[in-house]
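To keep things clear, I will list the structure first and then write my remarks on it.
Positions are given from 1, in the same order as the sequence printed here.
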Amino acid sequence: MLHIARSELLQMVRNRAVLITSLIMPVAACAFFIYYRDVFAAIGSLGYIGAVIVFTIGAFSLYATTVTTLAARRQTLFLKRLRSTAAGDASILTGLVLPTTAIAVVQVAAILSVFALVGSPPAAPLLLVPAVLATLVMMLALALATAGVTTSPEHAQVTTLPVSLGVVAVASWVGLTGTENLTWLKRLLPGGSATELVTGAWDGALSPASGEAMLLLGPTLAWVLVAVLLASRLFRWEPRR
């Protein structure tokens, strides 16, 4: 698994297109929100900015990059060759997605730390951590599901748009308008409850011990389960004929 992950990381570093579109551009977008934090805090809150940062990294650095990577490895028959080795399916997939996942986690941790230093720290960091991790797990699971219907890296530019743009749009909708109206619709949409968790943890509206915080983890984990079930049915190890 670690050998596969190391090889995948080297290929990512050598691919300038991946570095720019999936890694550098999301960080630049997050830097824009932090630079204009006073403007966005006035129309939303600091927690809203934190949620947008998490979902920008999750949608593009993690989700889109993972889908593109798996589609490319399938197209070149790399996945098929790996399956002929002693490594199991779970080890192969873990090794392939480990670099993008690790990079996304480091990016989120670093950017949120900078945001906390220049803005204000989160009111409930013990709640923020599971909220962020649940969000990234959801995006990774959705990536595995989307990779099942993606035939090539070029096709990934199309198949990833609905989810990547959709979760960022949901995060902005929930972060700016709250959940006083259309409560369950907003919470049940992918990213809705996670946005409320991140926003509440940063602004102090939720505490780790509150029952509402635990309730909000439910929809996010449910989307993880749905995505894993879809991935188990849709994922292909060889190119579609």
Side-chain angles (χ1 to χ4, degrees), residues 22-23 26-27 29-30 33-34 40 44-67 97-116 122-147 160 162-176 178-179 185-203 205-208 210 212-228 230-231:
S22 301
L23 301 179
V27 173
C30 293
F33 276 92
I34 293 176
F40 291 108
S45 67
L46 290 177
Y48 159 66
I49 300 173
V52 170
I53 289 172
V54 172
F55 275 97
T56 299
I57 298 298
F60 297 99
S61 291
L62 179 57
Y63 170 77
T65 304
T66 299
V67 175
V97 304
L98 185 59
T100 54
T101 304
I103 289 173
V105 170
V106 170
Q107 283 181 321
V108 169
I111 296 172
L112 288 182
S113 297
V114 171
F115 179 47
L126 293 180
L127 179 58
L128 181 65
V129 172
V132 171
L133 292 179
T135 301
L136 295 181
V137 170
M138 181 186 72
M139 298 309 301
L140 182 59
L142 290 171
L144 293 176
T146 307
T160 58
V163 171
S164 57
L165 296 182
V167 294
V168 173
V170 169
S172 294
W173 184 33
V174 174
L176 291 174
T179 55
L185 173 62
K186 292 178 178 179
R187 288 179 175 178
L188 291 177
L189 287 172
S193 60
T195 299
E196 189 175 357
L197 268 175
V198 174
T199 303
W202 201 286
D203 294 335
L206 295 171
S207 66
S210 68
E212 187 177 7
M214 296 300 102
L215 179 65
L216 288 173
L217 280 174
T220 302
L221 297 180
W223 276 107
V224 173
L225 178 60
V226 169
V228 169
L230 287 173

Is the Phe33 ring parallel, tilted or perpendicular to the Tyr48 ring (thresholds 30°, 60°)?
-> perpendicular

Tell me, do Thr146 and Tyr63 make a side-chain contact under 4.5 Å, heavy atoms counted?
-> yes

On a heavy-atom basis, the closest approach of Gly47 and Asp203 is N-OD1, 2.9 Å

So, the side chain of Trp223 versus the backbone of Met139: is there a donor-acceptor pair under 3.5 Å, distance only?
-> no

Could you please spell out the steps behind the side-chain contact (heavy atoms from CB on, under 4.5 Å) verdict for Leu197 and Thr135?
-> CA-CA 10 Å; Leu197 268 175; Thr135 301; over 6 Å; no

Shortest non-hydrogen contact from Leu217 toward Ala134 | CD2-CB, 4.1 Å

Indicate yes or no: at least one non-hydrogen side-chain atom of Leu140 is less than 4.5 angstrom from one of Leu62.
-> yes

Between Thr56 and Pro26, which heavy-atom pair has the shortest distance, and what is it?
-> CG2-O, 3.9 Å

Decide yes or no on side-chain contact (heavy atoms from CB on, under 4.5 Å) for Cys30 and Ile57, but give the supporting numbers first.
-> CA-CA 8 Å; Cys30 293; Ile57 298 298; 4.0 Å; yes

Rounded to the nearest 0.5 Å, what's the gap from CG on Leu215 to CZ on Arg187? Could you check?
-> 6.5 Å

Go through the steps to decide whether Leu112 and Trp202 satisfy the test side-chain contact (heavy atoms from CB on, under 4.5 Å), and finish with yes or no.
-> CA-CA 10 Å; Leu112 288 182; Trp202 201 286; 3.9 Å; yes

Between Ala51 and Thr199, what is the shortest heavy-atom contact and its length?
-> CB-OG1, 3.9 Å

Nearest-0.5 Å distance, CD1 of residue Ile34 to CD1 of residue Ile49 = 8.5 Å

Is there a donor-acceptor pair closer than 3.5 Å between any side-chain N or O of Thr100 and the backbone N or O of Val97?
-> yes

Should Trp173 and Leu189 be marked as a side-chain contact (heavy atoms from CB on, under 4.5 Å) after you check the CA-CA gap, both sets of side-chain angles, and the distance that decides it?
-> CA-CA 11 Å; Trp173 184 33; Leu189 287 172; 3.6 Å; yes

Could you pull out the closest heavy-atom pair between Gly192 and Val174, with the gap in Å?
-> O-CG1, 3.8 Å

Give the minimum heavy-atom separation between Val168 and Ser164, together with the two atoms involved.
-> CG2-O, 3.3 Å

Thr66 OG1 to Leu98 CG distance, which is reported to the nearest 0.5 Å = 10.5 Å

Is there a donor-acceptor pair closer than 3.5 Å between any side-chain N or O of Thr65 and the backbone N or O of Phe60?
-> yes

